[in-house]
Amino acid sequence: MLDPKFIRENIDLVKETIKKRNLKLDLNALIKTDNSRRRLLVELEELRARRNKANDEISALLKEKKDPKPKISSMKAISEKIGALEIKLKEFDTELEKLVLTIPNIPHSSIPVGDAGCNKIVRSWGELPKFDFKPATHIEISQHLDIIDLPRATKITGSNFILFKGWGAKLERALFNFMLDLHTKKHGYTEIFPPFLVNRASMTGTGQLPKLEEDMYRLKDDDLFLIPTAEVPVTNMHRDEVLDEDSLPVYYTAYTACFRREAGSYGKDTKGLTRVHQFDKVEMVKFVKPETSYNELEKLVADAEDVLQLLGLPYRVNMLASQDLSFAASKCYDLEAYAAGVDKWLEVSSCSNFEAFQARRANIKFRRKNTKKLDFVHTLNGSGIALARTVIALLENYQQKDGSVVIPQVLRPYLDGKERIS
RNA sequence: GGUGGGGUGGCUGAGCGGUUGAAAGCGGCAGUCUUGAAAACUGUUGUGGGGAUUUUCCCCACCCUGGGUUCGAAUCCCAGCCCCACCGCCA
């Protein structure tokens, strides 16, 4: 969320943001509520000041053994008025909060303005694989190699779930182990293994709630949610905390399964592994000082790119335009890996700078040493990287004419030194 | 799941319905002393919000959360959440 005070003082900038994001949002209600609330607050606080003063006087009268009764009865009416105004204030607060939560983050000045067509490919890496045969899709390959069993996953649970088997299961495990090792040993992240279930406060802290409740799996009896990404538990580690300036930047990486209902996306990417309800992902999360956050974003993207480069998967880096940018982000790069069988660029990572948007909501601060003032940290996160889609790219790009699949060099130590799955 | 105990500032820990935003200690910061350090001593030290004559001043709120009683609540009542201990169940 944005700071209501910031909105008040930068109303033109917020209007411009809404325009850039192509949203239909009326700010008048917000401005009006904010003004009414403050007018009421002044009135209420004056009354409370009077009450406090009177209470001191009553207290003094009692000490002098004088009769406080007249004073007390004169205060009764004021107290009732205060009670009434407090109820009204609460209504304004609730309303204002509701309205403020509908305001998205301000896009960074460096990103293109426009819809997804304006997204900008800032760089590409690797060469597209060439075949002297028609490359098969990951569905065909995994069936042939007996490493993924979708019909049985459907039987056990339902459609759009995956069951990895044999070398498929080992490949999955090899991938996230490789990624965690890379981020912890080479890129300096601290490994976290968080709970996969989180409470409502955590979901609200990172912004999944209240907006996206429909997209989440929820355990009704306990009011807990299956995490849609490790971003939720890991970012919420520091919810309502004040971090040491010296401890920043904080880098965390975590493997988790991710659960998404994908409500409303039926009919889109329903075949194969592209869009599933449960997938594995290694996530990177950063807590940084505001003045460093854009530099940190570039480093975050580089860390995610390193995974793809070491796996030898061609990819491109897509800087999202204002209308394609998620609600809480100021700037975001998507990494898209090429998959030869389906001949598509698949989004395997999304690296975002949220500036103080999440930190304000989750109340994550740090104290500056020189001024001793509290300030919100900037939070960033990025996939490093999402697995099911990476498996698609691996299978399709490394397939051979004989139907086998070559294993990239970096994964072999995790797979008993095996060179190919056949 | 059952029983008992408990949630107060950065930490430990007092707190009678009425100058208690909160004792005391520790820690932090500044100063005195010292060649320097330690010790000792002195002072200082929470957060959020609002107002104005906006580098300063004034006010309000906050003692787990939400209600209630009262002229007045950290203190009394109710509900919830969380923590600790023991018992039960359990990988």
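Order of the sequence lines sets the chain letters (A, B, ...), proteins ahead of strands, with each chain counted from 1.
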Is it true that the side chains of A/Y251 and A/K299 contain a donor and an acceptor less than 3.5 Å apart? yes
Atom P, compared across B/C58 and B/A73: separation rounded to whole Å: 24 Å
Measuring to OP1 and OP2 of B/G72, would you say a side-chain N or O of A/S79 lies under 4.0 angstrom away? yes
In the structure shown, which nucleotide is the Watson-Crick or G-U wobble counterpart of B/U70, with both distances under 3.5 Å? none
Hey, which sits more toward the 5' end of RNA chain B by its nearest nucleotide, A/L41 or A/N52? A/L41
Mind calculating the distance between CD (A/E45) and C1' (B/C58) to the nearest angstrom? 11 Å
If I take atom NZ in residue A/K373 and atom C1' in nucleotide B/G48, what distance separates them, rounded to the nearest angstrom? 12 Å
Got a salt bridge between A/D375 and A/K365, using NZ or NE/NH1/NH2 to carboxylate O under 4.0 Å? no
Distance-only donor-acceptor hits, side chain of residues 162-181 of chain A, under 3.5 Å, sequence neighbours excluded:
| unit_1 | atom_1 | unit_2 | atom_2 | d |
| --- | --- | --- | --- | --- |
| A/K165 | NZ | A/D146 | OD1 | 3.4 |
| A/K165 | NZ | A/D146 | OD2 | 3.0 |
| A/N177 | ND2 | A/R173 | O | 3.3 |
| A/D181 | OD2 | A/Y414 | OH | 2.6 |

Just checking, any donor-acceptor pair under 3.5 angstrom between side chains of A/Q309 and A/Y315? yes
Interatomic distance where CD belongs to A/E241 and P belongs to B/G10 [whole Å]: 13 Å
Length of the CG-P vector between A/L44 and B/A61, whole Å: 9 Å
Complementary nucleotide of B/U75, counting Watson-Crick and G-U pairs under 3.5 Å: none
When we call it a touch if two heavy atoms are under 4.0 Å apart, what does A/K71 touch: a base, just sugar-phosphate, or nothing? nothing
List in numerical order all residues of residues 82-100 of chain A for which some heavy atom is under 4.0 Å away from an atom belonging to RNA chain B. A/K90
Between the side chains of A/E43 and A/R39, is the shortest nitrogen-to-carboxylate-oxygen separation below 4.0 Å, so that they form an ion pair? no
B/U12 -> Watson-Crick or G-U wobble partner, both distances under 3.5 Å, gives B/A24
Should the pair A/F287 and A/Y252 be assigned to parallel (<30°), tilted (30 to 60°) or perpendicular (>60°) ring geometry? perpendicular
Give a yes-or-no answer on whether the side chains of A/S202 and A/R239 include a donor-acceptor pair shorter than 3.5 Å. yes
With respect to A/Y189, which candidate in A/T253, A/T184, A/D303 satisfies the side chain to side chain donor-acceptor pair (under 3.5 Å) definition? A/D303
If I pick the C1' atom on B/C64 and the same atom on B/G25, what distance separates them, to the nearest angstrom? 24 Å
Can A/D334 and A/S350 be counted as having a side-chain donor-acceptor contact under 3.5 angstrom? yes
Expressed in whole Å, how much space separates the P atoms belonging to B/U32 and B/G18? 43 Å
Determine the interatomic distance between C1' on B/C62 and the same-named atom on B/U75; round to the nearest Å. 16 Å
In plain terms, say whether A/D244 and A/R367 are close enough for a salt bridge, that is, a side-chain N and a carboxylate O under 4.0 Å apart. no
Write down the distance separating the C1' atoms in B/C63 and B/G13, rounded off to the nearest Å. 13 Å
Whole angstrom value for the distance that separates P of B/G72 from CZ of A/R50: 14 Å
Atom CG of A/D244 to atom P of B/G28: distance rounded to whole Å? 13 Å
Tell me the interatomic distance from A/N35, atom CG, to B/G50, atom C1', rounded to whole angstroms. 13 Å
Applying the 3.5 Å cut-off to both distances, the Watson-Crick or G-U partner of B/G46 turns out to be B/C62
Per-nt protein contacts along nucleotides 11-22 of chain B (heavy atom under 4.0 Å; B base, S backbone sugar-phosphate only, - none) come out as -------B----
C1' atom, B/U3 versus B/C89: distance in rounded Å? 16 Å
Which side-chain N or O atoms in residues 76-101 of chain A pair as donor and acceptor under 3.5 Å with protein atoms at least two apart or in another chain?
| unit_1 | atom_1 | unit_2 | atom_2 | d |
| --- | --- | --- | --- | --- |
| A/E86 | OE2 | A/R48 | NH1 | 2.7 |
| A/D93 | OD1 | A/R37 | NH1 | 3.0 |
| A/T94 | OG1 | A/K90 | O | 2.7 |

5'-most contact on RNA chain B: A/K53 or A/M75, nearest heavy atom basis? A/K53
C1' atom, B/G28 versus B/C11: distance in rounded Å? 11 Å
Taking NZ from A/K76 and P from B/G72, how many angstroms apart are they, rounded to a whole number? 8 Å
If we count only N and O atoms by modelled type, under 3.5 Å, do the side chains of A/Q278 and A/Y217 hold a donor and an acceptor together? no
Side-chain donor-acceptor pair present, A/N363, A/R360, cut-off under 3.5 Å: no
Write down the atom of A/A393, the atom of A/A337, and the distance for their closest heavy-atom approach. CB-CB, 4.4 Å
Might you list the N or O atoms of the protein lying below 3.5 Å from N or O atoms in nucleotides 51-57 of chain B, with each pair's distance?
| unit_1 | atom_1 | unit_2 | atom_2 | d |
| --- | --- | --- | --- | --- |
| B/G51 | OP1 | A/R38 | NH1 | 3.1 |

Modelled atom types, side-chain donor and acceptor of A/T229 and A/K281, under 3.5 Å: yes
Can you tell me if A/R8 has over 12 outside heavy atoms packed within less than 6.0 Å of its CZ? yes
Just the atom pairs and distances: protein N or O near nucleotides 45-47 of chain B's N or O, under 3.5 Å.
| unit_1 | atom_1 | unit_2 | atom_2 | d |
| --- | --- | --- | --- | --- |
| B/U47 | OP1 | A/R367 | NH1 | 3.3 |

